[in-house]
Amino acid sequence: MTATEPLLPRAQLTALFDQVPRHRLTVVTAGPGGGKTSAVRGWTRARPDHPVAWLTWADDATLIEEICQALGAPAGWVRTAGLATELAAAVSRPTILVIDEVERIEPGTPGARLLEEFCHHGGDDLHLVLISRSAVPFPIQRLRGLGHVFQVSAEQLAFTPAETRSLSSIVLGSDDLAEEVHELTKGWPVAVRLTLSWLSGLPMSDRSKRIAATPLFDYLVEEVVKDEHEEFLRTTARLPWFTDELCQAMGVAVSREELRALAAQHILITPCDQGYVVSTLAREFMGDVGRVPVAAHWYESHGFVREALAVCDEPGHRVAMIERWHASLLAEGHAAELVRACVAVPEKSRTCAVDLAEGQARQVQGDWAGALECLRHVDATDPAVAWRMGMIYYQRGDYKAALSTFELAGGFDSSAFPLPSSDRAMLLAWSASARWLVGESVEATQLAEQALAMATLCQDERAAACAHTALAMVTHDAGDGAGSERHSALALAAAESSGDLLLSARVLANRAASRAEEARYEEAIADSDLSAQRADLVGAPVQTAIALHNRAEALMGLGRLDEALADFRRARDIFSRVGSDKLGHPLAGLGKVYLERGELMHARISFENSLKHAEQLQNAHLTQTALAGLARVHAVDDPALAVRLAERAVAAGGGSSRVDALLAAGWVWAETGDRTKAGAYARSAHEAAVSRRDRAKMAEALELSAFTVAESPGGRADLLASAAEIWAQIGSPVDIARNAFARARLNGSGLDEAEQELRRVGIRGPHSSGAGLLRAITLLDHDAVRFCVLGGVRLSRCGSAVEWQSRKARDLLTWLACQRGRTVAREAAMEILWPGEEPASCSNRLSVALSTVRSVLDPHRKFGPGEFVRADKYSIQLVGLRTDVEEFLSAAAEALASEDEDLLVAAEARYTGDVCEDSPYAEWLEPLREEARAVHQALLRVLASLAEEADDPDRAVRYLLRLLERDAYDEAAHLDLVRTLTGARRHGEARRRYRLYAEAMRELDVEPAPLSLT
């Protein structure tokens, strides 16, 4: 084999590439043979002080796994939305990641998304170099506009005349023909090298004659390849990489020195980390050649299992490798490659072991449907199969199917297993968790203890972690907080010892839920954050959603309602996307936040949807939560229904949700005026909360007792003061403010300050509250008639809801309110109420509707007929009835003009929802709806800006989240939120919020703005 000398030093090109560390992204683009790879490799060799990770020939299926390996990510990190920022955060010094042959990566694939995320929010220490024949598979216009992109073109990679002369002197011994060679090739690197290599094999006397009639480029390739190269190239062209040892094993006579010499040409083969790889140009020239079975055996015998699977074309050998290596491949995070290997096995060669391996791999990838399809082909009575199938049903929230699957394999009877094993211990542990979720605590405890005993005998850390997790749940449910904490700690230690990130994420999420109930909110948030991070890294969306849900519960306890709402929504969206029946939990969470904020219509819808899921799954805990929430909501408009709902909640079972049900029942009975029943529930709730060490519920039970048990104003004040002490210990701003407002309302001092603080923490006010402390206070001091259109349409008189006998009368009053005091024609009213009908036929009906409106507003006829509604033969006008939307717009105008923060906060608190959200398709509502929405957004922007100026990131985050709640595509709000979180050193949240922003922009086909998060 002939060869040129080593790579020609190119000082000018090296200096050009010195710009790489100054940019986030470098794009090297040229056609085949353009010298892209050689140029970048030459620069990395000339600059050895820059740490470089190099990937070659990765495709969509393997890119992410290759990147994880190149950057030193721990085993188990797979394709996830949070991977880019986590990898970049783990980079401790400036690192250059080079990815060759990027044209193989399709736009929109997980690999393309990951590369895009690296560029936009991967941090400032990671520099990406993409080598490609075509444009990169994601938009980079904004990155380029901000100076983050460095581009190298084919023209810059071409040899200069001087470089062609130098190379000609090296290869041919003179530069006599350099000018002709350069003119012929235009400096195209591979053409220059091929031409010189071809000429070097000719007698010197023939060179000048032959170059004048140089054949086409393909002929040059044929001349260089020749017969002596063809067998070698056909044998190695499709191998991931090769060495001289592998070549000899395949019967190719090539020495180490010959490989080095051939690689020095940089035409046919190029060096890589493991050895050598055939160049793209040569691979294409050789065509699609067959794979060599010998290579598969050689790779496997040397420990390169992934490479062996990639080239193996013998079904028997592939099956044997899958059976031998599937566990280690999964442990090392190569689920995608394992799935690909299993799919490549012909149907007639598949074994149960292959089905099981593919099922496990698809489960890790989050492909539950695919996993179940594979596992259904295996013996479902086998504990190894049953616990995995049941776990999938469990994670999806289909507890019935999970229990049936566990039972089929003997999961409810440890005596069915004469010999202990890890799989049997796992089956018992998962059965225990499922039993607990359907309210069978005694059976769950027995199974969990049996699972732990068997896991201890088998010395299996994963099974022990699952058993301790189940025991943590049942002990917590029994009110044994210390026991639950101990089992959680043991479960976490076992999970981390086993190296199972998904299992540790589950343990952390469960502990977060328990700690949130005990009002240990900061600890619960820390556990939830870590759980979400680990779930992200193993690609477990359900576990991510569970962690977000538990984090939201803790955020609610700290009064961070807008952040809680965002997390509940994110959890809901994830559950909905993957088809999980756990969707009911974040729906209930959303209901609780809306209830706190006084958005009763949204609260009702969320609780109703949650209840449907809970009853379908026979989930006692969730059923109680949803019924209790609905009871509180309906206490405002239908006290009798509220009582029925509350009693159903109490009867639904015991456990952690029972205290919620008891409290809801107490407040609802107080609403009806039955202090005896309300007081009994208050005592029961307090006893249950004390037994569970649930301090938040203890405080609320004391507040309920203040209005139902206390016999004197002094006793009421003492109970409220005791509750205030607990809220202060917990550190819950919302509950502290609510309690302070109640006490101020009762003693008549400091009411304005208390009301301001109530609004600062995000509570709209007592008039918008469901059954609870603020509602009880409101009932002590009735207001006159009040008409509300923000959120849903509501009319109240003396603190109680007015029941409409006529829908048309309700619609008429709503329409008149939206005219904002303007006089309107009777014909216009008729067209709104009876569209398309003749005015003559509607006149009497309009008169009846007007009469109904007057009787509703003034049932005792204390005022004249024109007090609220003035009407004559031609027109109608609403007068003297101040609506909540008018109050909001007036307060907002004053606040925005003055820029007084207290006025701004008070005005914003009046906005309890869009105008008439219960009539979303009425076109006549749009002008007022859009005006109110725009004014509300203006308030939020000003408040967020003031909070940033005051260096109060928590308040800024609250207002920015409210902006995004109203408009999920508000790019400025997204970016302000990320910057605010970053400035507050809440980097994990900032990274998550940036991902949500990027997703929203991609939905609009808008390139996300790059942002530094370091």
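All values below come from the heavy atoms of this structure, side chains included, with hydrogens, waters and symmetry mates left out.
- Separation of atoms OH (Tyr997) and CZ (Arg1002) is listed at 10.0 Å; rounding is to 0.5 Å.
- Within a 6.0 Å radius of CD in Glu179, no more than 12 heavy atoms belonging to other residues, nucleotides or ligands are found.
- Residues satisfying the ring-ring contact (aromatic ring centres under 6.0 Å, His included) criterion with Phe150, sequence neighbours excluded, are His23.
- Ile96 is listed as a side-chain neighbour of Val20, based on a closest heavy-atom distance under 4.5 Å.
- Judged by the 6.0 Å distance and 45° axis criteria, Arg41 is positioned over the aromatic ring of Trp54.
- A salt bridge links Glu358 to Arg350: at least one charged side-chain nitrogen sits closer than 4.0 Å to a carboxylate oxygen.
- One distance of note links SG of Cys247 with CG of Leu259; it measures 5.5 Å at 0.5 Å rounding.
- Inter-residue side-chain proximity for Ile269 and Val277 is flagged as unmet; no heavy-atom pair is nearer than 4.5 Å.
- The distance from atom CD1 of Ile322 to atom CG of Leu309, rounded to the nearest 0.5 Å, is 6.0 Å.
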Thr351/Glu323 under side chain to side chain contact (heavy atoms under 4.5 Å, CB included): CA gap, chis, key distance, verdict
CA-CA 9 Å; Thr351 64; Glu323 293 177 350; 3.1 Å; yes
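- Between Trp241 and Tyr299, the distance from one ring center to the other falls under 6.0 angstrom.
- Residues Arg142 and Glu971 are paired through a salt bridge, judged by an N-O separation under 4.0 Å between the basic side chain and the carboxylate.
- For the 3.5 Å distance criterion, the side chains of Thr109 and Glu106 fail to qualify, holding no donor opposite an acceptor.
- Between the Glu163 side chain and the Thr160 main chain, a donor and an acceptor come within less than 3.5 Å of each other.
- In this structure, Arg324 places its CZ atom where more than 12 heavy-atom neighbours from other residues, nucleotides or ligands lie under 6.0 Å away.
- Rounded to the nearest 0.5 Å, atoms OG1 (Thr243) and CD (Gln248) are 8.5 Å apart.
- For the residue pair Glu300 / Trp325, a side-chain donor-acceptor distance below 3.5 Å is found, with atom types taken as modelled.
- Judged as a salt bridge (charged side-chain N to carboxylate O under 4.0 Å, His left out), and not counting sequence neighbours, Asp176 has no contacts.
- Side-chain atoms of His302 and Glu245, non-hydrogen and from C-beta on, do get closer than 4.5 Å to each other.
- Ring centroids of Phe138 and Phe118 are separated by 6.0 Å or more, keeping the two rings apart.
- Ion pairing of Arg133 with Glu101 is absent here, as no side-chain N (NZ or NE/NH1/NH2) approaches a carboxylate O to less than 4.0 Å.
- With contacts defined as side-chain heavy-atom distances shorter than 4.5 Å, the pair Leu55/Leu97 qualifies.
- By the 30° and 60° cut-offs, the orientation of the rings of Trp43 relative to His50 is parallel.
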Please assess Glu116 against Val136 for the test side chain to side chain contact (heavy atoms under 4.5 Å, CB included), listing each intermediate value before the final yes or no.
CA-CA 9 Å; Glu116 182 180 11; Val136 296; over 6 Å; no
Take Asp100 and Thr37 through the test side-chain hydrogen bond (donor to acceptor under 3.5 Å, both in side chains) and record every step on the way to the result.
CA-CA 7 Å; Asp100 205 350; Thr37 303; 2.6 Å; yes
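- The 12-atom threshold is exceeded at CD of Gln141, counting heavy atoms of other residues, nucleotides or ligands nearer than 6.0 Å.
- Leu157 has its side chain within reach of Val28: a pair of non-hydrogen atoms, C-beta onward, lies under 4.5 Å apart.
- Across all their heavy atoms, Val278 and Ala237 have their closest contact at CG2-CA, 3.7 Å.
- Residues Gln151 and Ile140 share a closest heavy-atom pair of NE2-CD1, 4.3 Å.
- The minimum heavy-atom distance between Phe17 and Ala39, with the atom names listed, is CE1-CB, 3.9 Å.
- Aromatic ring centroids of Trp188 and Phe159 lie 6.0 Å or more apart.
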Show your reasoning for whether side chain to side chain contact (heavy atoms under 4.5 Å, CB included) applies to Gln12 and Leu16.
CA-CA 6 Å; Gln12 185 176 340; Leu16 180 69; over 6 Å; no
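- His127 contributes atom NE2, which lies 12.0 Å from atom SG of Cys119 (distance to the nearest 0.5 angstrom).
- When all heavy atoms are compared, the tightest approach of Leu338 to Ala361 is CD2-CB, 3.9 Å.
- Going from atom CG of Leu25 over to atom CZ of Arg144 covers 9.0 Å, rounded to the nearest 0.5 Å.
- For the pair Arg256 (side chain) and Asp244 (backbone), a donor-acceptor distance under 3.5 Å is absent.
- When all heavy atoms of Ser349 and Val319 are compared, the closest pair comes out as O-CG2, 3.6 Å.
- For the pair Leu115 and Ile99, the minimum side-chain heavy-atom distance is below 4.5 Å.
- Across all their heavy atoms, Pro293 and Asp313 have their closest contact at CG-OD1, 3.7 Å.
- Between Leu126 and Arg24, the closest side-chain pair of non-hydrogen atoms is not below 4.5 Å.
- Here the side chain of Ser168 pairs no donor or acceptor atom with the backbone of Thr164 at under 3.5 angstrom.
- Note on ring orientation: taking the six-membered ring where Trp is involved, the planes of His317 and His297 are parallel (angle under 30°, cut-offs 30° and 60°).
- Side-chain contact between Ser132 and Val27 is absent, with no heavy atoms from C-beta onward closer than 4.5 Å.
- Checked by atom type and distance alone, the side chain of Ser38 never pairs as donor or acceptor with a backbone atom of Gly35 at under 3.5 Å.
- Residues passing the side-chain contact (heavy atoms from CB on, under 4.5 Å) test with Ala46 are Thr14, sequence neighbours excluded.
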Does Thr95 form a side chain to side chain contact (heavy atoms under 4.5 Å, CB included) with Asp125? I'd like the steps, not just the answer.
CA-CA 6 Å; Thr95 299; Asp125 283 336; over 6 Å; no
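- The backbone N or O of Ala30 sits less than 3.5 Å from a side-chain atom of Lys36, completing a donor-acceptor pair.
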